[in-house]
There are 2 protein chains.
Amino acid sequence: MDGRHARGAHTRRVTLARAVDIATVDGLEGLTLGRLAAELQLSKSGIFAHFGSKEELQLATISFAEEVFTEHVLRPAFQAPRGKPRLLTLFERWMDFSRARVFAGGCFFSTVMAEFDAREGKVRDVVVRWRTTWSELLTRLIEEAVEEGHLTPGIDVSQLVFELTAFGRAANHDSLLTRDDSHYDRALTALRARLGESD
Amino acid sequence: MDGRHARGAHTRRVTLARAVDIATVDGLEGLTLGRLAAELQLSKSGIFAHFGSKEELQLATISFAEEVFTEHVLRPAFQAPRGKPRLLTLFERWMDFSRARVFAGGCFFSTVMAEFDAREGKVRDVVVRWRTTWSELLTRLIEEAVEEGHLTPGIDVSQLVFELTAFGRAANHDSLLTRDDSHYDRALTALRARLGESD
DNA sequence: TCACTATCTGACCGATCGTTCGTATAACTT
DNA sequence: AAGTTATACGAACGATCGGTCAGATAGTGA
């Protein structure tokens, strides 16, 4: 199962696991090769060799975060029944994911979206692409909920996507700032109210 | 009218004006003395002398942003009638402030709160304090709207504070990421719906 | 005009940044 | 066992970081 390059792949993953923790706390710019090397007890050049540039390290870190997020949030959501249950599960998982501090600084994408929203470059572009993916996913789940008869047909889907996402991101940042978990409950309360109390 | 230290005070304000623009784009950590000096055509040590340390520069930048935000958003809001109109005006002004890019990277506090939410130190503490101030202000305005009979007495004020703030921050980041102004309208739509369509 | 003080500069400090390169060490292939 | 490749290291690079300091310059009050 190791493949031919098992050792390198393992180091890479260990490195990226540390990288997402650093990035969620100090940002993808605060993520430096020297610090990564020191914390992992590896050489700076050794880590550098795995990625080729700082920017590639940042992009690899985003990919890794995406993987973990998919595993913890997206995949479980798709095991819930189509429609409103799936939508609710997605947000419950997202909030649990942030609350559990799977990454040291909470939700990776909330952090990175805020960090790069006003900048230029490849990293920003990838972050924007992720935002699009997320919005499209949410749009689909909401439309399915309408199809299933769980939501009113006339509903403004884009508006709903905006609001629900706003709740989740706010819960993440507020809980980190105030060190008070209750904001996650606030987000879920807001979400359920917005989707209608029924069910 | 110059007072005794007019020249220094002027340089200080020009420096801070540039600092908030840099900070809203690249964060308060991305704000460096060298860059500030280069853009302002001043010497690094000259700028440094005004603040004494990088951290003091960051704190001064926050104070400056607070001033400008107060002038553009808070003060106008208090000229609107007590109750729901004041609440609505506050958010309209906030959204206009971000949309107009008074600071190059949009809302200063949305950016900085996301940047420092998972860190430690004086800067974080000041940011948290600002968040508290904002929450208390919003709480007061909502309570006044209840007193004026503009909102239902039984309403969950903290919950409302959370949701309304979430809309504003999301609009700021989404508009920056997508370069699409419409998110501000989304936020105001969500806000009005949440406060009740009437009036 | 003169003295004083506020303001700003330029050279420099040690530390760290991302990056390059030659080389050593491990691991796998044959 | 030998040969080959993957992996990691250590020393060094120019640039930049925050910070220090002695001295030049400018503005003020007497």
Side-chain angles (χ1 to χ4, degrees), chain A residues 1-19 22-23 25-62 64 115-116 119-124 126, chain B residues 1-20 22-23 25-62 64 112 115-116 119-124 126:
Chain A
M1 69 225 58
D2 313 340
R4 263 195 301 288
H5 312 297
R7 197 160 74 107
H10 175 255
T11 305
R12 214 185 123 98
R13 287 191 73 81
V14 170
T15 303
L16 289 175
R18 181 66 67 135
I22 295 175
V25 174
D26 290 320
L28 274 174
E29 290 298 337
L31 172 66
T32 69
L33 291 161
R35 182 175 168 193
L36 211 40
E39 294 190 14
L40 294 168
Q41 312 218 63
L42 294 174
S43 71
K44 208 167 62 158
S45 53
I47 290 181
F48 182 86
H50 275 281
F51 304 99
S53 74
K54 163 105 186 240
E55 193 174 60
E56 284 303 317
L57 167 65
Q58 292 175 320
L59 296 174
T61 304
I62 294 177
F64 184 83
E115 187 180 5
F116 285 89
R119 302 191 198 185
E120 306 284 341
K122 268 192 196 171
V123 175
R124 179 210 144 87
V126 169
Chain B
M1 73 221 54
D2 313 341
R4 264 195 302 288
H5 312 299
R7 196 158 74 106
H10 175 254
T11 305
R12 213 185 125 98
R13 285 191 75 79
V14 170
T15 302
L16 290 174
R18 180 68 67 137
V20 285
I22 295 175
V25 173
D26 291 320
L28 273 173
E29 290 299 337
L31 173 65
T32 70
L33 291 163
R35 183 176 169 189
L36 211 40
E39 293 190 13
L40 294 168
Q41 312 218 60
L42 293 174
S43 70
K44 206 168 66 160
S45 53
I47 290 180
F48 181 86
H50 276 281
F51 305 99
S53 73
K54 162 103 185 243
E55 192 175 60
E56 284 302 319
L57 167 64
Q58 292 175 320
L59 296 173
T61 303
I62 294 176
F64 183 83
V112 165
E115 186 180 4
F116 285 88
R119 303 190 197 186
E120 306 284 339
K122 269 192 195 171
V123 175
R124 179 210 144 88
V126 169

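Every chain is numbered from 1 and lettered A, B, ... according to where its sequence line falls, protein lines coming before strand lines.
Minimum atom distance to the side chain of B:Ser43 is reached by C:dT9, of the listed C:dT19, C:dT9, D:dA8. The side chain of A:Lys54 has C:dG18 as its nearest neighbour among D:dA8, C:dT9, C:dG18.
Within 4.0 Å (heavy atoms only), B:Ser45 reaches at least one base atom of the nucleic acid. Residue contacts shown for A:Leu42 are limited to sugar-phosphate atoms, with no base heavy atom under 4.0 Å away.
Rounded to whole Å, the distance from CG on A:Leu33 to P on C:dC17 is 8 Å. Rounding to whole angstrom units, CD1 of residue A:Ile47 and C1' of C:dT20 are separated by 16 Å. Here D:dA12 presents its P atom at 19 Å from CZ of A:Phe48, a figure rounded to the nearest Å. B:Glu56 places its CD atom 10 Å from the P atom of D:dG19, with the value rounded to the nearest Å. Atom P of nucleotide D:dT16 and atom CG of B:Asp26 are separated by 15 Å, given to the nearest angstrom. Atom CG of B:Leu31 and atom P of D:dT16 are 17 Å apart (whole Å). Regarding B:Phe51, its CZ atom lies at a distance of 14 Å from the C1' atom of C:dC8, rounded to whole Å. Between B:Leu40 atom CG and C:dC8 atom C1' the separation is 13 Å, expressed in whole Å.
Note that CD1 of A:Ile22 and OG1 of A:Thr32 are 7.0 Å apart. Values are rounded to the nearest 0.5 Å. Within the model, atoms NZ of B:Lys54 and OG1 of B:Thr61 stand 9.5 Å from one another, a figure rounded to the nearest 0.5 Å.
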- Kindly indicate, with the supporting measurements, whether the criterion side chain to side chain contact (heavy atoms under 4.5 Å, CB included) is fulfilled by A:Phe51 and A:Arg12. CA-CA 9 Å; A:Phe51 304 99; A:Arg12 214 185 123 98; 3.7 Å; yes
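Contact annotation: B:Ser53 side-chain N/O to D:dG18 OP1/OP2 distance is not under 4.0 Å. For B:His50 and C:dT7, the shortest distance from a side-chain N or O to OP1 or OP2 is not below 4.0 Å.
Heavy-atom nearest nucleotides on DNA chain C were determined for B:Gln41 and for A:Glu55, and the one closer to the 5' end corresponds to B:Gln41.
Counting heavy atoms from C-beta on, the side chains of A:Thr15 and A:Phe64 never come closer than 4.5 Å.
Remark: the backbone N or O of B:Glu29 is paired with a side-chain donor or acceptor of B:Glu115 at under 3.5 angstrom.
For B:Lys44 and D:dG18, a side-chain-to-base donor-acceptor distance below 3.5 Å is present, hydrogens and geometry of angles not being considered.
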